[in-house]
Amino acid sequence: QVQLVESGGGLVQAGGSLRLSCAASGRTLSSNVMGWFRQAPGKEREFVAAISWSVGNTYYANSVKGRFTISRDNAKNTVYLQMNSLKPEDTAVYYCAARDRNSIVTLERLYDYWGQGTQVTVSS
């Protein structure tokens, strides 16, 4: 099993930056892809970004492309989401997820493990 713990959420003004971290533990060798999702009140959880753990290939939702950067530190078993030029519409609970298979996908149901989420609030 894989355990995921997010951190780094908080309150930031529009145009500001925030970096989220996701620490992975447990049977991490079974996790090939790490992803970030977010869920705003009244909305379904949506894909944000993903990265292959071993190779480092990345994929982003169009809504965050050019503003967010996903990266990983293999030695620390940690994946990051650097969020720049934040907008109020980025406000949501952000979740870290892990997928055993090695293909990057965007559907929530195709991920195997989930963190508890961390709140990101962007003020106008």
Side-chain angles (χ1 to χ4, degrees):
Q1 300 301 114
V2 175
Q3 295 80 46
L4 306 174
V5 179
E6 303 98 330
S7 62
L11 175 65
V12 64
Q13 290 186 320
S17 298
L18 206 60
R19 189 178 77 160
L20 306 182
S21 298
C22 175
S25 61
R27 198 170 183 174
T28 56
L29 288 177
S30 66
S31 180
N32 295 300
V33 172
M34 302 293 292
W36 286 98
F37 290 75
R38 66 186 183 186
Q39 187 168 23
K43 297 182 179 179
E44 295 188 7
R45 193 171 299 181
E46 66 173 348
F47 173 82
V48 175
I51 186 169
S52 60
W53 190 260
S54 59
V55 179
N57 295 335
T58 60
Y59 186 77
Y60 299 90
N62 288 333
S63 59
V64 305
K65 192 175 298 182
R67 299 188 298 121
F68 292 8
T69 302
I70 189 170
S71 61
R72 90 288 195 208
D73 187 331
N74 288 4
K76 296 181 178 180
N77 291 320
T78 300
V79 64
Y80 305 95
L81 185 67
Q82 179 66 47
M83 310 164 70
N84 297 326
S85 301
L86 283 164
K87 306 174 181 179
E89 49 263 45
D90 295 318
T91 296
V93 176
Y94 283 71
Y95 297 90
C96 179
R99 170 172 159 82
D100 287 339
R101 297 175 68 89
N102 61 9
S103 58
I104 292 179
V105 296
T106 63
L107 295 178
E108 174 186 358
R109 63 180 174 85
L110 298 181
Y111 285 77
D112 303 293
Y113 309 100
W114 293 86
Q116 82 287 351
T118 185
Q119 177 71 48
V120 172
T121 302
V122 184
S123 62
S124 301

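One is the number of the first residue; the rest follow in order along the sequence.
Applying the ring pair (Phe, Tyr, Trp, His ring centres under 6.0 Å) criterion to Trp53, with sequence neighbours excluded, gives no partner residue. Applying the ring pair (Phe, Tyr, Trp, His ring centres under 6.0 Å) criterion to Tyr111, with sequence neighbours excluded, gives Phe37. In this view, Asp90 and Arg38, Arg67 satisfy the side-chain hydrogen bond (donor to acceptor under 3.5 Å, both in side chains) rule, not counting sequence neighbours. Among residues two or more places apart in sequence or in another chain, the side-chain contact (heavy atoms from CB on, under 4.5 Å) test is passed with Ser103 by Arg99, Val105. Scanning for side-chain contact (heavy atoms from CB on, under 4.5 Å) contacts around Val12 gives Leu86, Val122, with sequence neighbours left out.
Atoms OG and CG, on Ser25 and Asn77 in that order, are 8.5 Å from each other to the nearest 0.5 Å. Rounded to the nearest 0.5 angstrom, Leu20 CG and Gln82 CD are separated by 9.0 Å. Here the CZ atom belonging to Arg72 is positioned 12.5 Å from the OG1 atom belonging to Thr78, to the nearest 0.5 angstrom. Rounded to the nearest 0.5 angstrom, Leu11 CG and Gln119 CD are separated by 9.5 Å.
Summarising the local packing, CD of Gln13 is surrounded by 12 or fewer heavy atoms from other residues, nucleotides or ligands at distances under 6.0 Å. Taking a 6.0 Å sphere around OH of Tyr59, one finds it holds 12 or fewer heavy atoms contributed by other residues, nucleotides or ligands. Heavy-atom neighbours of Lys43 NZ from other residues, nucleotides or ligands within 6.0 Å: at or below the threshold of 12.
Following chains of ILVMFWY side-chain contacts shorter than 4.5 Å, one can reach Val2 starting from Ile70, so the two form part of one hydrophobic cluster. Hydrophobic clustering (side-chain heavy atoms under 4.5 Å, transitive across Ile, Leu, Val, Met, Phe, Trp, Tyr) groups Tyr113 together with Val79.
Taking 4.5 Å as the limit, some side-chain heavy atom of Tyr60 sits within range of a side-chain heavy atom of Thr69. Two residues are said to be in side-chain contact when any heavy atoms from C-beta on lie closer than 4.5 Å; Arg45 and Trp114 meet this criterion. Tyr95 is not listed as a side-chain neighbour of Glu108, based on a closest heavy-atom distance of 4.5 Å or more.
Between Ser17 and Ser85 the shortest heavy-atom distance is OG-N, 4.4 Å.
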Could you check Met34 against Leu4 for side-chain contact (heavy atoms from CB on, under 4.5 Å), going step by step and ending with a plain yes or no? CA-CA 10 Å; Met34 302 293 292; Leu4 306 174; 3.7 Å; yes

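For residues 82-124, the set of pairs meeting the disulfide bond (SG atoms under 2.5 Å apart) definition, not counting sequence neighbours, comprises Cys22-Cys96.
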